[in-house]
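Have a look at the structure below before the remarks.
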Amino acid sequence: MKNPDDQNDDPAIGDMARRRFLQGVALATGAGALAVNGGAWGGSTLSDAFADFFQQHYQRMTEAEIRATIERIERKAKRRYGVDIRVDNTPAQEGVIFGYAINVSKCRGYRDCVHACARENNLSSDTQYIRVIEMDRDSTDLRHGDHYYDHEQVPVEGKYYLPMQCMQCDNPPCVKACPVEATWTEPDGIVVVDYDWCIGCRYCMTACPYQARHFNWGHPDLTSAGLNPDTHYLGNRPRPRGVVEKCHFCVQRTRKGRQPACQEACPTGARIFGNLLDPDSEIRYVLEHKAVFRLKEDLGTEPKFWYFRDE
Amino acid sequence: MTWPSRLLALLTVLAVAPCGVARAVEQQGAPPTADWDWSGFTGLDDTPVTKRAGISKAPVAAVVPRVGETAMPDFDAPARRAYAVFSGVPPFEVIPSQRDPGMHPCSSCHQWVLSDPRPRHLKKPHDNFELQHGLHGKGKFWCFTCHDLSGSGGLKTLTGEKLEFGDAYLLCSQCHVDQARDWAYGAHGKRAANWQGRRQVFNCTACHYQHRPGIKARAPQPGPPVRMGLERPAHWVAHDTERPKVHGYESVWQRAHRETQAAGSGQHTGDPQTNPAEQAADEKS
Amino acid sequence: MSDSRSGLFGFVLNGLGHMFRGGLLYWAWLALLLVLIVLGGWHYYLQLRDGLLVTNMSNQVSWGFYISNFTFLVGVAAAAVMLVVPAYIFNRKDIKDVVLMGDTMAIGAVAMAILFVVVDLGRPDRFWHLIPFIGRFNFPESMLAWDVIVLNGYLLLNFGISFYIVYNHYQGKEPNASRYFPWVLLAIFWAISIHTVTAFLYSANSARPYWHNALLAPRFIASAFASGPALMAIGLQIIRRVSDYPIRQSVIDHLALVAAIALQVTLFFVLAELFTDFYNEGEHAASARYLFFGLDGHTALTPWIWTAVLLLAVALLILMIHPLRTHPVYMNIAFVLTVVGVWIEKGMGLVIPAFVPTPIGEIYEYAPSATEIMVSLGIWAIGLLLFTLLAKAALPVQCSFLREKAHREVTHDDA
């Protein structure tokens, strides 16, 4: 684990301050948004529409093209939502491959992670990246699980709770399926989507064994007030209609050293995230000292997402 | 409790019990815990510990706990032995508990009034407080197992060494060796804010109220939404008991569960607070 | 025939002329198709405006009626090979006379299949991303990329071969077999491949146990060779009725026999799969159980599949009994039942259950929305229009060529 002495380098603190500031800006401009947001296409200009149409694949763009694209994305968000978003392009860190582990003995099914994720990642109200499944204590068969449990109190006797999200497979069937290479694995192991390249065929959704991919059937119903302005190109920037999106381990946070929103929100400490290549990391400790298991390992997808129980 | 009052409480703790770790956090200006969302935190389990399952296990002969080994509580061993679990751990800092010290105004009387050191069930004027931790009720656990009888009610180990409130984790780790080890290595508890850089972890008491450490059941947040423009099917709102069994058959567990429930006639009412399996889990966590 | 009339331009002009010449019935048919196309187009416009929200698809059932129709039509397109093989490989003269109609039907079916994929896309404006070199084509990794290649290739092949043959006939020449025969061989291989690739598109998904089995591609081909010839036989009989094109009954009988055999094989495959699913019922069988018996009280597809089973059983019965199979009325009943039965079984019955339950055990049912049905009707109308116009343009050429040929043969025999 790196332990930089310089306190100003602390990614969490610096990030937070900036985020506060941007949220302030967002609120201030929120009122103006209503006036600007009249046009059917968010009031986009002709040149932007052309540039949108001919926009290249993220991996094929030059630095300058990416910068221009980011500016255009920020402009579009300003027009549509009246919010000054910041689209970040931080690349993967060297020597980092992210892994996740969930302690199913600790998860109590509160769904705090689900909603923290939705807020952080600018999800449409009809999309959730995380699904917490209420399982019978005797079974790991997902078909016995209940997705819609709505008790007065959780946990419930005889049940345990299994949160699922994108497993960031090392051998992802979704990436293989995509006919236009709009989704790929980044060097830090995160499977990302270029929302501006996806053609919306949804073959990846068919290929995913974890139901981790979500389609924007309509335009995401984001509100100016609820928008998180701190975004990443491959992460939580506002998505267009008709494309697929998925959990990206909060790439906008984790590439700067912060925790994913779901982990930060978990009130029981059931979620453990870190660098698989760091022998001192918490995730490595879990993998080496706990009886871990993965879901649907028999499919050969090599998920980078583990589950374990307290002995 | 509102967010500012929590911060205030935190600062009070820092003022009352200044320890090395606390100072380190204070120097940063804004504690990283400020980003911690407490909105979902509704309190702790208040099931009396004596009514819980799994309490009957009798203490066995003292064992020196080592890394990778589970040990029963060793009440007579010097506290420092338990600290062995923290050697070789990647460096970390402990964030002090944010709990309001005003919750426990013991010292406001006992700084003048001499404490009765005899273990007993508390009567007036203490009847507003019940210890629901450890082997209380079996004569094994008592205020002065952890608190300093002589001073201002500060912490002490089982062998009488004094501890700051911020070092509560050292106190806990005397018994909860497995959890302490997992906590120190990051498999238990919570790390704050980041995965990289300074490792700051919450103290045990941030999540577990020390006098009643089980975590309380509470309402879940709303379930999954349905796609815009589509109807929520009826079965989405049905409770698990009303939901039909998976393609017509009852699993062996479900059958066993149903039959014992019928035989036990309401011993397990389905109330999560009297669920033995879960209480056992609580004891462990 | 003058030289200017025998050129390419004259050929096209001649074709266009035939397309827009016809009786009241012909014009009524075209008008009906146009009305359906306009209606479908309007609903597609609504879908473009509001997004795929107007469909009943969801994150749980992410493919629906469009892809169901696509699957069925790929089968129909592939079945043209059932005319091509006997015509060119076994040199059956009676079939060679009508093989062009099989190709034309394949063109219509592939065009519809491609359109069904296009209307299913969330971002049809980004269609250019699929064009190799200009876009970014994930070949050979993605089975969908394979499908794009085989479908477009098949369309081109069929169009090219048909065009070459009709153009030669138009010029009064016998087409040069050494020129087109290699392409016919390729087309035969290609016809099998479009359906195999489409089956692989599904069976490649280990996430979907309902599809993930080796029998899927053979089952696809078997049911395609039942529904395709049945549809073709219906089409040929209609052509025979509305035009003076000489279609011999032996061709229809041949198609009926093919359908009969293919139906039996299909049934065998389905039974083999049901046995494997249900003898020791496990995870793999959940979708099949949902389809045939309903799962946890969800039975939306059960009436559909039992209807299909009933239709196919009756059709099989008729086609298996020789006097019924050769009976003009019963035979056609069997053809219609086969087409509808396979359309249900191969469409809704194959695509939707793979999504119910989802890989993580959720059950969310699906039935097509009005928009989906209207857009699909529009696409069917486009396909039928394409087939009608192409057939209308090619038929007179074929007729006159066949007459001249017959005449030449007669005079040759006399000499």
Side-chain angles (χ1 to χ4, degrees), chain A residues 40 52-57 59-60 126-128 131 133 135 141-148 162 164 173-182 196-219 240-244 295-296 298-301, chain C residues 48-63 67 117-118 120-131 135-139 141-148 201-202 204-209 211-212 282-283 286 295-296 351 354-355 357-364:
Chain A
D52 277 351
F53 184 81
F54 291 109
Q55 185 178 322
Q56 256 302 345
H57 190 284
Q59 291 175 315
R60 279 188 180 171
D126 61 352
T127 303
Q128 286 177 354
R131 187 61 69 93
I133 306 176
M135 306 280 288
D141 185 353
L142 292 167
R143 265 194 309 116
H144 287 253
D146 183 357
H147 297 238
Y148 323 105
L162 190 80
M164 284 187 75
C174 52
V175 167
K176 217 167 162 181
C178 178
V180 294
E181 298 180 33
D196 294 333
W197 192 257
C198 171
I199 59 170
C201 72
R202 309 190 294 291
Y203 191 32
C204 55
M205 296 174 74
T206 306
C208 175
Y210 305 100
Q211 196 71 19
R213 288 179 164 260
H214 309 272
F215 188 68
N216 287 290
W217 299 94
H219 205 285
R241 190 178 75 191
V243 301
V244 169
L295 293 177
K296 304 199 183 206
D298 50 326
L299 301 182
T301 50
Chain C
L48 281 179
R49 196 191 62 189
D50 301 335
L52 286 166
L53 270 184
V54 297
T55 71
N56 274 351
M57 288 183 276
S58 53
N59 284 333
Q60 288 85 2
V61 183
S62 48
W63 279 350
I67 298 296
V117 173
V118 171
D120 191 62
L121 290 182
R123 299 301 301 224
D125 54 320
R126 297 180 185 167
F127 198 74
W128 66 272
H129 295 180
L130 270 171
I131 302 169
R136 212 170 165 194
F137 201 51
N138 191 11
F139 187 83
E141 288 266 293
S142 170
M143 285 318 295
L144 206 54
W146 278 79
D147 222 24
V148 169
L201 185 79
Y202 298 108
N205 295 299
S206 52
R208 314 268 167 191
W211 290 339
H212 189 53
E283 181 83 8
L295 200 60
D296 301 355
V351 175
F355 297 94
T358 66
I360 58 172
E362 186 184 358
I363 295 177
Y364 191 87

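Naming convention: chains lettered A, B, ... in sequence-line order (proteins, then strands); numbering from 1 in each chain. We use all heavy atoms of the structure for the numbers below, so side chains are in, but hydrogens, waters and symmetry mates are not. Remember, predicted model here, so these are calculated numbers, not experimental data.
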Which bit of [X] comes within less than 4.5 Å of chain A, counting heavy atoms only: side chain, backbone, both or neither?
X         : result
Arg208(C) : side chain
Asp50(C)  : backbone
Ser58(C)  : backbone
Ile131(C) : neither
Trp146(C) : neither
Ala204(C) : side chain
Ile67(C)  : neither

Taking every non-hydrogen atom, the tightest pair across [X] and [Y]:
X         : Y         : answer
Tyr203(A) : Asn205(C) : CE1-ND2, 3.8 Å
Asn59(C)  : Gln211(A) : O-NE2, 2.7 Å
Cys178(A) : Ser142(C) : O-CB, 3.5 Å
Leu142(A) : Pro359(C) : CD1-O, 3.9 Å
Ala207(C) : Ala207(A) : CB-O, 3.3 Å

Would you mind reporting whether [Y] and [X] have side-chain heavy atoms less than 4.5 Å apart?
X         : Y         : answer
Arg202(A) : Asp120(C) : yes
Asp196(A) : Arg126(C) : yes
Cys201(A) : Leu144(C) : yes
His147(A) : Ile360(C) : yes
Phe355(C) : Thr206(A) : yes
Met205(A) : Trp63(C)  : no

Parallel, tilted or perpendicular: rings of Trp197(A) and His129(C) (30°, 60°):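 Taking Trp197(A) first and then His129(C), their aromatic rings lie parallel (interplane angle under 30°).
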Short side-chain to backbone donor-acceptor contact, Arg123(C) and Cys198(A), under 3.5 Å: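 Pair absent, no side-chain N/O of Arg123(C) close to backbone of Cys198(A).
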Residue, of Thr55(C), Asn138(C), Asp147(C), that accumulates the most heavy atom pairs under 4.5 Å with chain A: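 Top count of heavy-atom pairs under 4.5 Å with chain A: Asn138(C).
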